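Below is one structure; the comments refer to it alone.
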Amino acid sequence: QVRVVETGGGLVQAGDTLRLSCETSGRTLNFYAMGWFRQAPGKEREFVAGISWSGARTNYMNSVKGRFTISRGNPKNTVFLQMNSLKPEDTAVYFCARYSSDSSDYSRDRVGYWGQGTQVTVSS
């Protein structure tokens, strides 16, 4: 059974940094991309960042470009989201996503497994 577990959320002030970690475990027969989504109260879950199996390809939502960095660990079943210059509008539950394949399509419907989510709250 595949598991996806996030850690690292918390309460910070605007301008602070935070690093989220995610580890996936379970049997796998193929390479897979990983990513991060977030969901604020009353809003849809939205894509934040994605990364390919090798780490060579990344993609970000426009509002976090230049502030957030996604990276893949070694072993490759771990992924991180470094969040700098946090803003109150970044407040949300952040979900780690393991995709079904290593496609460069990071849309929500290509996610195979989700983590349980971790709360990030940025105060002004």
Side-chain angles (χ1 to χ4, degrees):
Q1 182 169 349
V2 174
R3 295 187 67 218
V4 180
V5 180
E6 311 97 333
T7 57
L11 171 63
V12 297
Q13 294 186 330
D16 283 352
T17 65
L18 205 57
R19 180 178 168 93
L20 304 183
S21 300
C22 173
E23 180 175 353
T24 178
S25 60
R27 186 183 181 193
T28 180
L29 300 177
N30 60 302
F31 299 149
Y32 51 86
M34 294 190 72
W36 292 93
F37 286 70
R38 69 186 185 187
Q39 188 168 17
K43 294 188 175 181
E44 294 288 318
R45 189 173 299 189
E46 60 182 358
F47 170 80
V48 177
I51 188 167
S52 64
W53 171 265
S54 69
R57 291 195 319 267
T58 58
N59 195 17
Y60 297 91
M61 68 182 304
N62 286 335
S63 63
V64 307
K65 286 180 180 178
R67 299 189 298 122
F68 290 12
T69 303
I70 188 170
S71 60
R72 200 115 186 196
N74 190 13
K76 292 191 182 296
N77 64 324
T78 55
V79 66
F80 308 98
L81 187 66
Q82 179 69 38
M83 305 185 292
N84 298 333
S85 303
L86 282 161
K87 303 176 181 180
E89 50 264 44
D90 294 319
T91 295
V93 177
Y94 282 71
F95 295 89
C96 181
R98 171 174 158 169
Y99 290 88
S100 300
S101 69
D102 197 23
S103 166
S104 58
D105 180 354
Y106 296 117
S107 58
R108 181 175 172 178
D109 60 2
R110 297 193 67 86
V111 174
Y113 303 94
W114 294 97
Q116 80 286 351
T118 184
Q119 177 70 47
V120 172
T121 303
V122 184
S123 63
S124 57

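Positions are given from 1 along the sequence. Only a predicted model underlies this, so the values are computations on that prediction, with no experimental measurement involved.
- Residue R3 qualifies as open at atom CZ: its count of foreign heavy atoms under 6.0 Å is 12 or below.
- Linking Ile, Leu, Val, Met, Phe, Trp and Tyr residues whenever their side-chain heavy atoms come within less than 4.5 Å leaves F37 and V122 in two separate clusters.
- Taking both residues in full, the closest heavy atoms of D105 and S107 are given as OD1-OG, 2.8 Å, listed atom of the first, atom of the second, then distance.
- K76 is not listed as a side-chain neighbour of F31, based on a closest heavy-atom distance of 4.5 Å or more.
- Evaluation of the salt bridge (Lys or Arg N to Asp or Glu O under 4.0 Å) test over residues 83-96, restricted to residues two or more places apart or in two chains, returns R38-D90, R67-D90.
- A donor-acceptor contact closer than 3.5 angstrom is absent between the side chains of S25 and E23.
- Here F68 contributes atom CZ and L20 contributes atom CG; the two are 8.0 Å apart, rounded to the nearest 0.5 Å.
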| request: Please assess T24 against V2 for the test side-chain contact (heavy atoms from CB on, under 4.5 Å), listing each intermediate value before the final yes or no. | output: CA-CA 7 Å; T24 178; V2 174; 3.7 Å; yes
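- In summary, the side chains of R57 and S104 do not present any donor paired with an acceptor at a separation below 3.5 Å, with no hydrogens or angles considered.
- Contact of the I70 side chain with the V79 side chain is registered, since non-hydrogen atoms from C-beta on lie closer than 4.5 Å.
- Residues T78 and S21 have side chains not in contact (no heavy-atom distance under 4.5 Å, counting atoms from C-beta outward).
- A cation-pi arrangement is present between R45 and F95, with the terminal nitrogen or guanidinium carbon under 6.0 Å from the aromatic centre and inside a 45° cone about the axis.
- Linking Ile, Leu, Val, Met, Phe, Trp and Tyr whenever their side-chain heavy atoms come within less than 4.5 Å puts V111 and F47 in one cluster.
- A distance of 7.5 Å separates OG in S52 from CZ in R72, rounded to the nearest 0.5 Å.
- Exactly one residue among L81, T58, N59 makes a side-chain contact (heavy atoms from CB on, under 4.5 Å) with I51. That residue is T58.
- Closest approach of P88 to A14, counting heavy atoms only: CD-CB, 4.1 Å.
- Shown here is Q13, whose CD atom has no more than 12 heavy atoms of other residues, nucleotides or ligands within 6.0 Å.
- Between the CG atom of L18 and the OH atom of Y94 there is a distance of 9.0 Å, given to the nearest 0.5 Å.
- W36 contributes atom CH2, which lies 9.5 Å from atom CZ of F80 (distance to the nearest 0.5 angstrom).
- Under the 3.5 Å distance criterion, the side-chain polar atoms of Q39 are left unmatched by any main-chain donor or acceptor of A92.
- R110 and S101 get closest at one heavy-atom pair: NH2-OG, 3.5 Å.
- At a threshold of 4.5 Å between side-chain heavy atoms, the hydrophobic network of Ile, Leu, Val, Met, Phe, Trp and Tyr places Y99 and V5 in two separate groups.
- Checking each of T17, T91, L86 against V12 for a side-chain contact (heavy atoms from CB on, under 4.5 Å) leaves exactly one that passes, namely L86.
- Atoms CE and OG1, from M83 and T69 in turn, are 11.0 Å apart once rounded to the nearest 0.5 Å.
- By the criterion of side-chain heavy atoms lying less than 4.5 angstrom apart, applied directly or through intervening Ile, Leu, Val, Met, Phe, Trp or Tyr residues, Y113 is not grouped with M34; the two fall into different hydrophobic clusters.
- Under the 6.0 Å cut-off for aromatic ring centres, Y32 and W53 qualify, their centroids lying closer than that.
- A single hydrophobic cluster is not seen to contain both V64 and V93; linkage of ILVMFWY side chains at heavy-atom distances under 4.5 Å, directly or through other members, places them apart.
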